[in-house]
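One structure is given here, and the rest of the page talks about it.
FYI, side chains are in, hydrogens and waters are out, and symmetry mates aren't considered; it's all heavy atoms of this structure. In this chain, numbering begins with 1 at the start of the sequence shown.
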Amino acid sequence: MHTDIVDLRAFYSTTLGRLAERSIAMALSSIWSTLPNERLVGLGYTLPWLDRFGTEAERVFSFMPAAQGAINWPPHGPSATALVFDEELPLFDSSIDRMLLVHALEHAENPRETLMEIWRVLAPGGRLIIVVPNRRGVWARFEHTPFGTGRPWSRGQLLSLLRETNFTPASWAEALLFPPSRSRWVLRAHQIIERTGRRFWPMFCGVLIVEAQKRLYQGLPVAQRASRRVFVPVLAPQGAARGPTLTGNLP
């Protein structure tokens with residue numbers, strides 16, 4: 001079940017959410033290399049990091065899953081947000097240079113189909129960066145943060161999925177080494193705990209981050225797929241409808 005867009009935005013406006021955003025941004029910085037005139041797409045809830053890493057990109061789009069809901073972004077100027085189904089992205093083949101997934105893969109109905117679709121839209125040599133809750137981490141065990149929902153992943157599971165969908169893992173990073181506590185002393189000491197955890201218990205990090213590159217030298221079976229979803233407009237001021245918003249099968 002996807003976390004509602006309103007809940008995601010509310011979490012990242014709290015002190016704990018801002019510290020989590022900063023921790024993930026620092027980990028992303030260690031593997032994020034600048035690409036000239038890149039076309040960047042964020043899938044899931046990636047707005048805090050698109051604001052940080054998308055300033056030098058030629059084009060930046062934010063794709064939000066229909067079950068999650070969407071908000072307008074950026075707040076000023078033309079909207080770059082789209083409500084999408086992650087197995088049928090509204091993009092041409094080989095049209096994107098880099099895609100960032102946060103709060104996305106752990107909620108995907110079929111992770112393999114999602115990555116196959118991302119493979120389709122990435123340009124040759126394109127890069128995919130995935131941020132997912134760590135199966136061994138503490139953050140995946142508490143539901144007061146968005147990282148406690150969906151399916152957590154292990155490094156081995158991610159590696160197998162990437163190889164199966166023709167991606168080559170290149171770099172790994174960890175974030176959220178401090179506990180997801182609202183306690184004042186934990187929030188004040190989060191930098192010390194984060195640095196200590198990065199050295200002594202990286203396997204118990206809150207999220208795993210992997211950068212992978214699109215692989216071209218292996219053939220992929222091509223089969224025409226019928227869409228399994230029909231989008232139905234829903235007025236839901238709270239963000240995303242709590243009930244099913246995608247119904248029906250196409251003939």
Hey, are the side chains of [X] and [Y] touching, using non-hydrogen atoms and a 4.5 Å cut-off?
X	Y	result
P179	I193	yes
P180	H144	yes
W172	L158	yes

Are the side chain of [X] and the backbone N or O of [Y] linked by a donor-acceptor pair below 3.5 Å?
X	Y	answer
K214	G125	no
S29	A25	yes
W119	N166	yes
S160	Q157	no
D7	P146	no
N72	P75	no
R120	L89	yes
S23	L19	no

Residues L101, M99; criterion side chain to side chain contact (heavy atoms under 4.5 Å, CB included); working and verdict: CA-CA 7 Å; L101 271 64; M99 185 168 288; 3.6 Å; yes
Of all pairs that satisfy salt bridge (Lys or Arg N to Asp or Glu O under 4.0 Å), the ones with a partner from [range], not counting sequence neighbours:
range	answer
residues 29-41	E38-R98, R39-D97
residues 138-150	none
residues 175-202	E194-R198
residues 72-81	none

Working to the nearest 0.5 Å, report the span between [atom1] of [X] and [atom2] of [Y].
X	Y	atom1	atom2	result
L177	C205	CG	SG	6.0 Å
I5	H103	CD1	NE2	9.5 Å
L128	L162	CG	CG	6.5 Å
D86	E117	CG	CD	9.0 Å

For [X], does the [atom1] atom sit with more than 12 other heavy atoms under 6.0 Å from it, leaving out its own atoms?
X	atom1	answer
R59	CZ	no
R135	CZ	yes
E58	CD	yes

Pair D4-Q68, side chain to side chain contact (heavy atoms under 4.5 Å, CB included): steps then yes or no: CA-CA 5 Å; D4 192 282; Q68 169 190 288; over 6 Å; no
Which heavy atom of [X] sits nearest to which heavy atom of [Y], and what is that distance?
X	Y	answer
L176	W139	O-NE1, 3.5 Å
L40	A57	CB-CB, 4.3 Å
V210	P169	CG2-CB, 4.2 Å
L187	S181	CD2-O, 3.5 Å
P111	R151	CG-NH1, 4.3 Å
E106	T149	CG-O, 4.0 Å

Residue pairs fulfilling ring pair (Phe, Tyr, Trp, His ring centres under 6.0 Å) with at least one residue in residues 186-211, sequence neighbours excluded: F178-H190
Between S62 and T81, a side-chain donor and acceptor under 3.5 Å: no
Non-neighbouring partners of [X] that pass ring-ring contact (aromatic ring centres under 6.0 Å, His included), sequence neighbours left out:
X	result
W32	F53
F11	none
F63	none

I130 and I209: CA distance, side-chain angles, deciding distance, side chain to side chain contact (heavy atoms under 4.5 Å, CB included) verdict: CA-CA 6 Å; I130 302 174; I209 303 174; over 6 Å; no
Enumerate donor-acceptor pairs with a distance under 3.5 Å from any side-chain N or O in residues 41-51 to protein atoms, sequence neighbours excluded.
from : atom 1 : to  : atom 2 : distance (Å)
W49  : NE1    : E21 : O      : 3.3
D51  : OD1    : W73 : NE1    : 3.0

Cluster companions of V138 among Ile, Leu, Val, Met, Phe, Trp, Tyr (side-chain spacing under 4.5 Å):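 When side chains under 4.5 Å apart are linked, the cluster holding V138 also contains F142.
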For S183, all residues meeting side-chain hydrogen bond (donor to acceptor under 3.5 Å, both in side chains), sequence neighbours excluded: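 S183 satisfies side-chain hydrogen bond (donor to acceptor under 3.5 Å, both in side chains) with W185 once adjacent residues are dropped.
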Partner residues of R155 under the salt bridge (Lys or Arg N to Asp or Glu O under 4.0 Å) criterion, sequence neighbours left out: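 Counting only residues at least two positions away or on another chain, R155 forms a salt bridge (Lys or Arg N to Asp or Glu O under 4.0 Å) with E174.
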ILVMFWY network linking L216 to L115, side-chain heavy atoms under 4.5 angstrom: yes
Criterion side chain to side chain contact (heavy atoms under 4.5 Å, CB included) on V60 and T55, from CA distance to verdict: CA-CA 9 Å; V60 183; T55 54; over 6 Å; no
Worked check of side-chain hydrogen bond (donor to acceptor under 3.5 Å, both in side chains) between R127 and S33: CA-CA 10 Å; R127 304 185 184 189; S33 56; 2.4 Å; yes
